[in-house]
Amino acid sequence: MAHSVKRLPLAQVMTPGSWDAAPHWAPCSAGSLLLPLPLPLLPACIFINNEWHESKSGKKFATYNPSTLEKICEVEEGDKLDVDKAVEAAHAAFQRGSPWRRLDALGRGWLLHQLADLVERDRAILATLETMDTGKPFLHAFFIDLEGCIKTLRYFAGWADKIQGRTIPTDDNVVCFTRHEPIGVCGAITPWNFPLLMLVWKLAPALCCGNTIVVKPAEQTPLTALYLGSLIKEVGFPPGVVNIVPGFGPTVGAAISSHPHISKIAFTGSTEVGKLVKEAASRSNLKRVTLELGGKNPCIVCADADLDLAVECAHQGVFFNQGQCCTAASRVFVEEQIYPEFVRRSVEYAKKRPIGDPFDIRTEQGPQIDQKQFDKILDLIESGKKEGAKLECGGSAMEDRGLFIKPTVFSEVTDTMRIAKEEIFGPVQPILKFKNIEEVIKRANSLEYGLTAAVFTKNLDKALKLASALESGTVWINCYNAIYAQAPFGGFKMSGNGRELGLMSYLLELHHSVYFSLRS
Amino acid sequence: RDIFINNEWHNSVSGKKFPVFNPATEEKICEVEEGDKEDIDKAVKAARQAFQIGSPWRTMNASERGRLIYKLADLIERDRLLLATMESINGGKLFSNSYTLDLGGCVATLRYCAAYLSTNDCVFYFPDGNFFGYTRHEPIGVCGQIIPWNFPLFMFIWKIGPALCCGNTVVVKPAEQTPLTALHVASLIQEAGFPPGVVNIVPGYGPTAGAAISSHMDIDKVAFTGSTEVGKMIKEAAGKSNLKRVTLELGGKSPFIVFADSDLDSAVEVAHQALFYHQGQCCIAASRLFVEESIYDEFVRRSVERAKKYVLGNPLTPGVSQGPQIDKKQYEKILDLIESGKKEGAKLECGGGPWGNKGFFIQPTVFSNVTDEMRIAKEEIFGPVQQIMKFKSLDDVIKRANNTHYGLAAGIFTKDIDKAITVSSALQAGTVWVNCYSVVSPQCPFGGFKMSGNGRELGEYGLQEYTEVKMVTMKISQKNS
C-alpha cells in the first residue's frame, strides 16, 4: 500500500534533431526542490464512507510510471461488488435528514473551499504524484493542472448558495415556485490525461449542488484521486458523500453505467466508450448522462493572422500534454498564401521542443501514457506516410526511450487521410491548406466531432463569421486552450453531451421541481 | 484614530476631532479625526484613481478579487474577539450578540460575496438584423456608503462586500456614534492586500461628510442605511447633483400578526425578540404587534411576564439581557414617545421610564390596548417599547398593517397554510417572515417597500445593484441563429 519516492535518474535533456549530450550539465529536478521528504503514505485502496477498503475480490492492479516504465505501486482493484458497496454508501449519505442533506448550502460551499485550501497546501505532492503517474512535465502539473483544480474548487464553492429557483405567476388561484434539488448519487468516470483536474471538474459541481458521488479514476492514473480522497476525509465531508473505486472500464466502469441506483453519470474519455456508457445508462434506469468525448479540432489560420501568434498557439495547441488533449488542434487549416511559411515555422518549433524526463524543468514533452496509445499513434503516423502526406519532421519513436515519440509534423495533408479524420492523441501535427472561408467552414464541420475550434485572423468580420459557423462547443479567437472555471465547456455532435464548468454545468446536476399550492 | 485613504492613515484636513462614547457609562472612549468635505474630496480622488481602466483593481481577475474578500473574512474571523468587544463597548450591544450574530454575519456575508462574481454571467443577445450582441455587467464606479450605528460593523460589511465583489471602489462614512470597528477593519483591508484607494473610510458627521458624499459630482452611487427623514435628503441631493444611483435602507414600523391558531408560546417569544433585540434599535423591529382577539389577553399577559424578566446592565457582562440606547438624543426621543403613549390612553403594562443613574438605559416597556392613531402606533420608536394591538378579521388586519408609509418587514404567526400565503402575499413589505422573525441571510435580498427604502441589499438582486449593465452590439456580415 505504501510506497516511497523513487529517486528518478536525472536524465539528460534530449532535443530531437540535435543530440546534445553535455554530461557536465546538472539538470535540476524540479520535484526534488519542492518535495517534502519522505512522502506521506498513499493509501492505494478503495475509498468508501471515508474509509479505506480492500477489494472484495482480493485483486490488485499495478500502476506504472510511463517515463521509466517501472511499477509505482499496486492498487486495490474494484469490481461490481465494490461499486455496489460504494453506491450503497453514497445512497445512505443522500437520504433525507442525513448530515449532507441537512447541511446549509453555504456549509457545502465552505467544505469545497477548504478542500481547495488543502489541495493548495499539498500542491507539490499532488503535482509530483501526477507527474509520476502520467508522465506529464512537472511544471505543467504544478502550474496548470493544480492551478485549475484549486480555481475550479473555489469557483464551485461559491455557487453552492446561489442556486435559486423562481416563483411563477400562473393562472388560477395557485402559488407556483421551483426548487433546484440535487439529483442524487452521481457516477463519474475520469480519464488519464488530466487525472486530478478532470476529477475536480466532476466532483466540484456535483458536490456544490448537494449530490453524492462514486468515482472511477482511470486505471492508468489512480493515484491523485486516492490522495484527494484522504483530503476529502481531512476536510470533513460526511462519510459516503465521496467514494472512489479504482478499477477497469469493462468491470467498474460498466457497473457504474448500468447501476440502477446511480441517478446520473458523467464520463470523460473516448467517443467509442462514451457511446457504450450512454447505451448502458438507457438500458438500465435512464440515468442522466453527460459526456466529454474526443475531438479532431480545427485550427484555422487566415492569411491576415498574426503569424507568430498563430504558429505558437497551433503548436502548443496540438503538442501540449504530449498531444493527449481532447482539445488538441489536430487539423491545422492554413490559408494558401501563407502555407509554406507557416509550415516552415511550425517545423522549426517542433524540432526545438524539448523532450525528456518530466521532472526536468526544461522538459516540455514527456512520454505517452502507455503501450496501447503509443502503438496507436505510431500506426497513425505510418498511415500518414503511406497515404502520401509529407513528413516534415519526427515520424517515429525516440530510440531506446520507452514511450517517447518525436514531435511530428505532416504537411500536404488532405481530408481523406486517416490522420485528418481520426483522433491521434499524440504529438502529431497535420497541416492542411485552404483557399477560402466558405470552403474551410465546410471542411472543418465535416466530421462528427465538434469539441473546440480556433480561428486566427485580425479581421473582425471573419472572426465573428467563423465563430458562428463552426460547429464546436468552444471557439477560440486568436488564442488556444483558454479554459476557465467560469466558462462552459463541452462538445457539439459526437464530441459530447452537455457542458461542464460555468453556469451550465450545475444546471445539469439538478432537478427542477415545480410546486403548486391551491387557493389564495 | 485617523482617516483611511489609499491604504494610509491621514489626519483631517481641518484638524478637528470628535469624541466617541460608551453609551453604558457615558464616558468618552477616544477621539477620532473628523472628516469634512475636503477629506471626502481626497477620498473620492483616491477611489477614482483606483477605478481607472488599467489600474490593479480594474485589471484584477474576478476570482482574485474574490480571494481578497475571502482573505478579509478570514482576518475578521481571526480578530473576532477584538471586534466584538469593540462593538459592544462602542455600540452598547450585548457582547454575546456581537460575537455570534454580528461577527458571524459579517464573515458569512463576505464569504457569500467573495464567490459571487465568478458566478455572475453575462448574456448574449440576438437583436434583429445582422448584429451580434452581449452584455457586460460592469462595476458602477466610486460608491459612497453611509453606515448606521445600530449594527456598525455588520452594516459596513453589507455595504462594502457587494460593492467590492462587483469591482467598485468605495468611500465609506461610518456613523459618528460608532466609527471604531470600521477603522479596525480598514487595517485588515490593508493587511489582506486590497490595492490602495479601493476602500477609503472617512469618519465624520452627516451634515458635513454625509452631505458631501450625497452631493459629490464624482461619486457614481450612494448607499445609505438610516432614518427615512435623512434618506429623503440624500436622494434629493443625489438628484440635484449628478443623478448618482441611490439605494436606501430606511426605517420601519413592521407589523407582527399573531393568529389564534398559532403556537402561542413560540409567538410570544419570537414577538418579544422581534421587538426587544438590541434595545429595539432595529429597522425591522416588530413595533406593531397585532394579536387576534380571542387570544389577546393571554398574549399580553405572557408578553409582560417575558419583558419583566429582563436584566439591564453593562453589555459586556454575561447574564445581561439589555444594554443602553445609543445616545442621549435617541434616549430622549424614546422617553418622549413613551409619555405620548401614556397620555394618548394606551395601557402601560410594565416599564415606562429610564433605568439606573448612569448610561442611557430604558426599562423594557409594554403597552396594550394600543390603537392605530396613537403616536406609538405610527412613529418609529427605535427603543424597547412593545405595542400590542387587537384585531378581529383577516381583511381588517391586512388593511391596518399596510396603513403606513413604511414597508420594510412583517411577521405572521399561524399554522394555517392558506392564511400564511394569503397574508404574506397581501402585506406591503420587502420581507415577510412566517412563524419566525429576523431571519436574515446573505443569500436573501433585503429591502423595503414604500418609504422603507429603495432597492435591495444582498442576494442576487442586491449584488446586481452594484453593477452597471453595458450592452455591446457588433455589426456582422450575416447572422445565423
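Predicted, not measured: the structure shown is a model, and the values here were computed from it. Chain letters run A, B, ... following the sequence lines, proteins first and then strands; every chain starts at 1. Quick note: numbers below take in every heavy atom, side chains included, and nothing from hydrogens, waters or symmetry partners.
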Legend entry - Crowding at CZ, Arg78(B) (>12 non-hydrogen neighbours, <6.0 Å): yes
Enumerate the ring-ring contact (aromatic ring centres under 6.0 Å, His included) contacts for [range], please, sequence neighbours excluded, ordered by first and then second residue.
{"range": "residues 443-466 of chain A", "answer": "none"}
{"range": "residues 460-481 of chain B", "answer": "none"}
{"range": "residues 408-435 of chain B", "answer": "Phe256(B)-Phe413(B), Trp433(B)-Tyr437(B)"}

Inset, instruction - Spell out the residues in residues 466-474 of chain A that have some non-hydrogen atom less than 4.5 Å away from a non-hydrogen atom of chain B, in order of number; otherwise answer 'none'. - result: none
Legend entry - Test item: Lys162(A) side-chain N/O and Tyr112(B) main-chain N/O as donor-acceptor pair under 3.5 Å: yes
Legend entry - Student check: side-chain heavy atoms of Ser63(B) and Lys151(A) closer than 4.5 Å: yes
Inset, instruction - For the residue pair Gln164(A) and Gln443(B), establish whether any side-chain heavy-atom pair is separated by less than 4.5 Å. - result: no
Inset, instruction - Could you grab the distance from atom CG of Leu460(A) to atom CE of Met474(B), nearest 0.5 Å is fine? - result: 5.5 Å
Legend entry - Between CG on residue Leu464(A) and CG on residue Asn130(B), distance to nearest 0.5 Å: 11.5 Å
Inset, instruction - Determine the minimum heavy-atom distance between Gly158(A) and Ala115(B), stating which atoms define it. - result: CA-CB, 2.8 Å
